[in-house]
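Worksheet: the structure to be examined is printed underneath.
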Amino acid sequence: MPYDTQPKASHFINGAYVEDTSGTPIDVIYPATGEKIATVYAATPAIVDQAIESARNAQAAWAAMSGTERGRILRRAEQIMRERNHDLSVLETYDTGKPYQETSVVDATSGADALEYFGGMAATLTGEHIQLGENWVYTRREALGVCVGIGAWNYPTQIACWKGAPALACGNAMIFKPSETTPLCALKVAEILHEAGLPAGIYNVVQGMGEVGSALVTDPRVDKVSLTGSVPTGRKVYAAAAEGIKHVTMELGGKSPMIVFDDADIENAVGGAILGNFYSSGQVCSNGTRVFVHKAIKEKFLTRLTERLGNAVIGDPMDPDTSFGPMVSERQMNIALGYVEKGKAEGARLVTGGAQIDRAGFYMQPTVFADVTDDMIIAREEIFGPVMAVLDFEDEDEVMARANDTEFGLAAGVFTKDLTRAHRVAARFEAGTCFINTYNDAPVEAPFGGSKNSGVGRENSKAAIAHYSQLKSVFVRMDDVEAPF
């Protein structure tokens, strides 16, 4: 590789890189070529224990610092991350296969945004005073303790920061386990945080598959678990955390609806559908993969969509002109291609795409099905690849019922020029994150998360603070205690 992708060691614990080659080797594959670009080793029980002990030993002193001091370190890390955006973006591209055109403006930058936002908020985390006549109550906002973050492979740098920044701002220690598919970037986040002055033990990274995640989640020394992943994984992790009555945040999958009314701006609606189906090669949990288009404009929409998909530049992800890259792994590509076959078998109309691209790496064409019905598998199950299902509708009440008829509830979007209808539809969506005349915008200032099977809790914004801290009430009596005897 023209870039050194092999990390110094597999894990980052207690402020330093740590290796234990007796763990299961994990090959890191570059999705654009299928080449092995690094090897890391899954955490052994000894490594997991070392991470938990270092986090526990360091956490109290970190929580005892003022919020201003903690915030200063997070903001210093944010500045370093922005200065190194190029190198971090290159590494993210090698780790995930996503085009540099995308990683250079979304991944490390949104991670830095989280460090900046929660770094600025750390000093404001106060309790309140409640006067009760002469007596009074005050509340203290306190850290939970040791938090475990379990990341997904689609946004490794961003997720490491989305979980780490609020956890650290509140005075917790964090142990982050990246996806075994993309293990490289979180190590750089840990390195930068410690370079910025974070005390050793406060942000640790351990590698591994499900059993490492399970060991972290079930350990009684862990106080909180935050997962980004699929619904099946979420169910397992939630159940394991419940056994220990641990705090949880679950940001799970979706099969989100995007509704395009007949008065919508076609260019913007097509743009939203492209962002909500083909950005990151379709590997985004909040994607609007059920696109309900009003019958009156359906063919116009499909024609323009097909034209614009023809402008996708598919190629080397490191080429700044490339706008559509490979999928993260051969397995994920084959899953998506399998859904294409199911769509064809069920009678959906293949408008464009649908095939693997004949080149090295894990590339498949941006794919659009039309004439999709609600009961088809491609309209029910999360594909997590570049496969869009376009469904017809005519009536608002009818499309709302159909849009909400899903176990998921992560995101939803509506395109219309009718202001009243836009807000009415947004209010009726059964989803945690909604969009009007746009799709997949996720600023750190806004809460992000789902309803129904798409998760519990919220990431980002002030809402995240509640999930990484707890309130203590202190009643102060100024007059005499009255007792019955």
Side-chain angles (χ1 to χ4, degrees), residues 67-68 70-93 95-96 98-125 147 149 151-170 172 174 176 178 182 185-198 202-203 205 226 228 249 251 275 279-280 284-286 410-411 432-433 435 438-449 457-469:
T68 302
R70 290 197 299 270
R72 193 177 297 137
I73 291 168
L74 294 180
R75 293 198 308 277
R76 199 177 295 139
E78 168 255 325
Q79 288 166 353
I80 297 170
M81 189 168 272
R82 292 197 199 282
E83 286 161 12
R84 292 188 198 157
N85 183 58
H86 171 72
D87 287 347
L88 293 167
S89 301
V90 169
L91 188 63
E92 184 97 351
T93 290
D95 215 6
T96 64
K98 294 194 294 183
Y100 177 81
Q101 184 188 99
E102 182 178 326
T103 58
S104 60
V105 296
V106 170
D107 295 72
T109 53
S110 64
D113 288 347
L115 292 168
E116 182 178 25
Y117 179 84
F118 288 106
M121 190 174 278
T124 72
L125 305 180
C147 300
W153 43 255
N154 55 347
Y155 283 87
T157 308
Q158 181 193 80
I159 294 169
C161 295
W162 275 22
K163 296 190 188 312
L168 270 48
C170 291
N172 302 289
M174 167 67 73
F176 187 76
T182 53
C185 296
L187 292 167
K188 291 294 183 188
V189 173
E191 198 180 297
I192 286 169
L193 280 163
H194 285 82
E195 190 178 324
L198 191 72
I202 296 300
Y203 191 98
V205 176
S226 175
T228 298
T249 309
E251 198 274 277
L275 285 176
Y279 206 65
S280 294
V284 181
C285 51
S286 53
L410 183 51
T433 309
F435 306 97
T438 187
Y439 206 86
N440 267 351
D441 294 277
V444 70
E445 296 88 348
F448 181 81
R458 292 293 177 267
E459 298 204 284
N460 292 341
S461 81
K462 290 177 282 193
I465 298 302
H467 298 296
Y468 284 99
S469 61

(Q) Going by salt bridge (Lys or Arg N to Asp or Glu O under 4.0 Å), name the residues that satisfy it together with Arg82, two or more places apart in sequence or in a different chain. (A) Glu78, Asp113, Glu116
**Q.** Approximate separation, where rounding is to 0.5 Å, of Leu193 CG and Cys161 SG
**A.** 7.0 Å
Q: For residues Tyr155 and Trp162, establish whether the separation of their ring centroids is below 6.0 Å.
A: no
(Q) Ignoring hydrogens, what is the shortest heavy-atom contact between Ala186 and Val205? Give both atom names and the distance. (A) O-CG2, 3.6 Å
Q | Nearest non-hydrogen partners of Leu74 and Ala165, listed with the distance | A | CD1-O, 3.8 Å
Q) Closest heavy-atom contact between Asn460 and Pro443? A) ND2-O, 4.3 Å
Q | Which atom of Asn154 lies closest to which atom of Lys98, heavy atoms considered | A | O-NZ, 2.8 Å
Q. Does Asp87 pair with Lys188 as a salt bridge, N-O distance under 4.0 Å?
A. no
(Q) Quick check for you: to the nearest 0.5 Å, what is the distance between Thr157 atom OG1 and Leu88 atom CG? (A) 6.5 Å
Q. Say you draw a straight line from OH of Tyr203 to CD of Glu191; how long is it, rounded to the nearest 0.5 Å?
A. 12.5 Å
**Q.** Residue among Leu168, Val444, Leu125 satisfying side chain to side chain contact (heavy atoms under 4.5 Å, CB included) with Phe118
**A.** Val444
Q | For Tyr117, ring pair (Phe, Tyr, Trp, His ring centres under 6.0 Å) partners two or more places apart | A | none
Q: Quick one: sort the Tyr100 and His86 rings into parallel, tilted or perpendicular, breaks at 30° and 60°.
A: perpendicular
Q | Heavy-atom pair with the smallest gap, counting every atom of Cys170 and Ile465 | A | SG-CD1, 3.8 Å
Q.
Using only atom types and a distance under 3.5 Å, with no angle test, would you say the side chain of His467 pairs donor to acceptor with the backbone of Arg458?
A. yes
Q.
I'd like to know if the side chain of Thr433 and the backbone of Gly449 have a donor-acceptor N/O pair within less than 3.5 Å.
A. yes
Q) Is there a donor in the side chain of Thr228 and an acceptor in the side chain of Lys163, or the other way round, less than 3.5 Å apart? A) yes
Q. Going from OG1 on Thr249 to OH on Tyr468, what distance comes out if it is rounded to the nearest 0.5 angstrom?
A. 5.0 Å
Q | Check: Ser89 side chain, Thr103 main-chain N or O, donor-acceptor pair, under 3.5 Å | A | yes
Q. Hey, does Val189 have a side-chain heavy atom less than 4.5 Å from the side chain of Met81?
A. yes
Q | Sidechain-backbone polar pair: Asn85 side chain, Ser104 backbone, donor-acceptor under 3.5 Å | A | yes
Q) How would you list, by chain and number, every residue that makes a salt bridge (Lys or Arg N to Asp or Glu O under 4.0 Å) with Glu251, sequence neighbours excluded? A) none
Q) In Å and rounded to the nearest 0.5 Å, what is the CZ to CE distance from Arg70 to Met121? A) 13.5 Å
Q) Once you round to the nearest 0.5 Å, how far does CD1 of Ile73 lie from CD1 of Ile202? A) 9.5 Å
(Q) Looking at Glu102 and Ser280, would you say the former's side chain and the latter's main chain have a donor-acceptor pair under 3.5 Å? (A) yes
Q: Mind listing the closest non-hydrogen atom pair of Glu459 and Ser226 along with its distance?
A: OE2-OG, 3.8 Å
